[in-house]
Amino acid sequence: MMKHEIIALDIADFNKCGNIWNMEKQSALAEQFYRELLSNNRITFIYTIDGEFIGEISLVFDMKDSDYTITDQRIYISRLIVKREYRHQGIGRQLLHFAIEKIKEMDYEEIAIGVDLDNYPALKLYIEAGFDRIIRIDRDDQGPYIKLLKTL
């Protein structure tokens with residue numbers, strides 16, 4: 001029987017996230033995430049199957065953007081991603097619900113999330129999870145995206 005669990009990422013295992021996403025191709029992002037983990041501005045949770053890194057989700061305390069974070073009030077969910085061959089199995093939903101429970105334990109009132117407008121599976125997941133308020137619709141290098149808010 002395979003062992004499925006969600007664990008807090010130990011920074012010593014950061015490079016194992018390369019099993020989920022291409023950290024070399026996205027090296028600037030990987031470096032930013034590593035710095036945020038080191039400074040305790042980011043907490044990352046990993047979905048594992050028999051110890052193999054399959055998915056991840058992060059909580060970020062200060063995004064330097066009040067749409068996303070307000071000290072002790074609003075926290076940002078960052079980088080929900082599941083390894084391609086494990087998608088559409090409910091792992092992303094499990095990670096999201098796990099993160100929401102952790103945020104409730106931390107006594108935050110609101111959770112913000114950003115998602116590309118063409119990422120329909122993620123949009124559907126977030127709306128079903130109660131991200132029901134639009135903060136802003138904007139555009140960046142990747143194209144149009146939406147910032148959503150969930151009140152706890």
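Positions are given from 1 along the sequence. Because only heavy atoms are used, hydrogens play no part in the values below, and waters and symmetry mates are left out as well, while side chains stay in.
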Asker: For Tyr68, what residues pass the ring-ring contact (aromatic ring centres under 6.0 Å, His included) criterion, not counting sequence neighbours?
Answerer: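 Partners of Tyr68 under the ring-ring contact (aromatic ring centres under 6.0 Å, His included) test: Tyr76.
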Asker: Can you list the residues that meet the side-chain contact (heavy atoms from CB on, under 4.5 Å) rule with Glu109, with sequence neighbours excluded?
Answerer: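 Gln73.
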Asker: Do other residues, nucleotides or ligands put more than 12 heavy atoms under 6.0 Å from Ile11 CD1?
Answerer: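 Yes - once you tally the heavy atoms of other residues, nucleotides and ligands closer than 6.0 Å, there are more than 12.
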Asker: Quick one: side-chain contact (heavy atoms from CB on, under 4.5 Å) partners of Pro121, sequence neighbours excluded?
Answerer: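 Pro121: side-chain contact (heavy atoms from CB on, under 4.5 Å) contacts with Asn119.
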Asker: Taking 4.0 angstrom as the limit, do Lys83 and Glu52 come out as a salt bridge?
Answerer: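 Between Glu52 and Lys83 there is a salt bridge, with a charged N closer than 4.0 Å to a carboxylate O.
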Asker: Which residue in the set Glu56, Glu5, His4 passes side-chain hydrogen bond (donor to acceptor under 3.5 Å, both in side chains) when paired with Tyr47?
Answerer: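 Testing each of Glu56, Glu5, His4 against Tyr47, the sole residue satisfying side-chain hydrogen bond (donor to acceptor under 3.5 Å, both in side chains) is His4.
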Asker: Using a strict threshold of under 4.0 Å (side-chain N to carboxylate O), is an ion pair present between Lys147 and Asp65?
Answerer: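 Looking at Lys147 together with Asp65, the answer is yes, because their closest N to O distance falls below 4.0 Å.
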Asker: Check for a donor-acceptor pair, side chain of Asp116 on one end and backbone N or O of Tyr145 on the other, with a separation under 3.5 Å.
Answerer: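 Pair absent, no side-chain N/O of Asp116 close to backbone of Tyr145.
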Asker: Leu149 versus Arg74: any side-chain heavy-atom pair under 4.5 Å?
Answerer: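 Leu149 reaches Arg74 side chain to side chain.
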Asker: May I have the list of side-chain donor-acceptor pairs in residues 84-97 shorter than 3.5 Å, sequence neighbours left out?
Answerer:
{"residue": "Arg87", "atom": "NE", "partner": "Val82", "partner atom": "O", "Å": "2.7"}
{"residue": "Arg87", "atom": "NH2", "partner": "Val82", "partner atom": "O", "Å": "3.1"}
{"residue": "Arg93", "atom": "NH2", "partner": "Glu128", "partner atom": "OE1", "Å": "2.6"}

Asker: Which pair of non-hydrogen atoms, one from Met23 and one from Cys17, has the smallest distance, and what is that distance?
Answerer: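 In this case the closest contact between Met23 and Cys17 is SD-C, 3.5 Å.
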Asker: Show every ring-ring contact (aromatic ring centres under 6.0 Å, His included) that has at least one partner inside residues 17-42, sequence neighbours left out.
Answerer: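 Applying ring-ring contact (aromatic ring centres under 6.0 Å, His included) to every pair that reaches into residues 17-42, excluding sequence neighbours, yields Phe14-Tyr34, Trp21-Phe33.
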Asker: Suppose we screen for side-chain contact (heavy atoms from CB on, under 4.5 Å). Which residues come up paired with Ile43, at least two apart in sequence or across chains?
Answerer: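 In terms of side-chain contact (heavy atoms from CB on, under 4.5 Å), with neighbours along the sequence ignored, Ile43 is linked to Phe45, Phe61, Met106.
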Asker: Quick check: do Asp132 and Lys150 have side-chain heavy atoms less than 4.5 Å from each other?
Answerer: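 Result no, sub-4.5 Å side-chain heavy-atom pair not found.
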